[in-house]
Amino acid sequence: MKSSDLEIPSEIRSCLNDFHESIINVEHALELLNCQSNNEKLLPIERAKLDLLVAYSVNSMFWMYLNTQGQNPKEHPVKQELERLRGYMSRVKEISDREKAARIDKPAVKRFVKHALWEPKSKDDEEAEQASTSAAGRSDIEKKSSTKRRNVDVAAAAAETPIKKRQQNEKTK
């Protein structure tokens with residue numbers, strides 16, 4: 001029997017044509033991924049991601065091939081290879097996440113903590129502060145106290161005025 005003697009049903013023929021086109025697309029994509037000029041421009045972490053992607057893709061396609069051949073891929077060494085690649089992928093992801101994580105500016109943190117916490121002043125600091133405020137601040141203190149006295153006098157006078165008026169009104173009546 002010749003292959004031309006076998007009639008392939010049209011449904012299967014269209015599926016085979018689609019499968020053939022898919023294989024051609026995969027081959028083209030793999031050629032682009034393996035191009036050396038693109039790999040040289042990549043950072044090491046990006047190159048590791050690309051190599052893992054290619055290895056995982058090829059092993060996944062082999063897994064599918066084993067399925068099409070009627071073999072159980074779960075009992076084949078390709079399963080361990082896929083698990084190993086998944087482990088490497090998670091390690092690469094952890095490394096890339098660590099690079100993206102925020103960095104701590106230690107001197108800034110020390111300044112924040114130092115200024116946020118209360119520290120008792122030493123006697124020398126207190127004396128120096130009192131000397132500076134007493135020399136420069138006397139005039140300010142005198143101004144404040146005289147202003148307070150004036151405010152008290154004005155308030156007392158305002159309070160006395162209505163009382164005196166009432167007392168005078170009561171005397172006249």
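None of the values given here were measured: they were computed from a predicted structure.
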Charged N to carboxylate O under 4.0 angstrom, Arg84 versus Glu81?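 Glu81 and Arg84: salt-bridged.
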* To do: Kindly check if the number of other-residue, nucleotide or ligand heavy atoms within 6.0 Å of CD1 (Ile8) is above 12?
  =>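 Not more than 12 within 6.0 Å, no.
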Could you measure the distance from the [atom1] atom of [X] to the [atom2] atom of [Y]? Nearest 0.5 Å is fine.
{"X": "Glu7", "Y": "Ile12", "atom1": "CD", "atom2": "CD1", "value": "11.0 Å"}
{"X": "Ile95", "Y": "Lys49", "atom1": "CD1", "atom2": "NZ", "value": "10.0 Å"}
{"X": "Leu42", "Y": "Asp51", "atom1": "CG", "atom2": "CG", "value": "9.0 Å"}
{"X": "Asn72", "Y": "Lys79", "atom1": "CG", "atom2": "NZ", "value": "9.0 Å"}
{"X": "Asp105", "Y": "Lys110", "atom1": "CG", "atom2": "NZ", "value": "10.5 Å"}

ask   = Who are the side chain to side chain contact (heavy atoms under 4.5 Å, CB included) partners of Tyr56, not counting sequence neighbours?
value =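 Checked Tyr56 against side chain to side chain contact (heavy atoms under 4.5 Å, CB included); matches are Ser60, Leu82, Leu85, Arg86, Met89.
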Check the pair Trp63, Asn67 against side chain to side chain contact (heavy atoms under 4.5 Å, CB included), reporting the backbone distance first and the verdict last.
CA-CA 6 Å; Trp63 176 282; Asn67 273 331; 3.5 Å; yes
- Close side-chain approach of His76 to Phe62, heavy-atom, < 4.5 Å: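 They are in contact (side-chain heavy atoms under 4.5 Å apart), so the answer is yes.
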Legend entry - Smallest separation among heavy atoms of Pro73 and Gln71, with atom names: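 Residues Pro73 and Gln71, closest heavy atoms: CD-O, 3.0 Å.
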Notebook entry, point to check: Given the rule that I, L, V, M, F, W and Y join up when any side-chain heavy atoms are under 4.5 Å apart, are Met61 and Ile23 in one cluster?
Noted result: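 No, Met61 does not connect to Ile23 through the hydrophobic network.
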Inset, instruction - Please collect all side chain to side chain donor-acceptor pair (under 3.5 Å) contacts where either partner lies in residues 91-101, sequence neighbours excluded, each pair once. - result: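 Side chain to side chain donor-acceptor pair (under 3.5 Å) check on residues 91-101 returns Lys93-Asp97.
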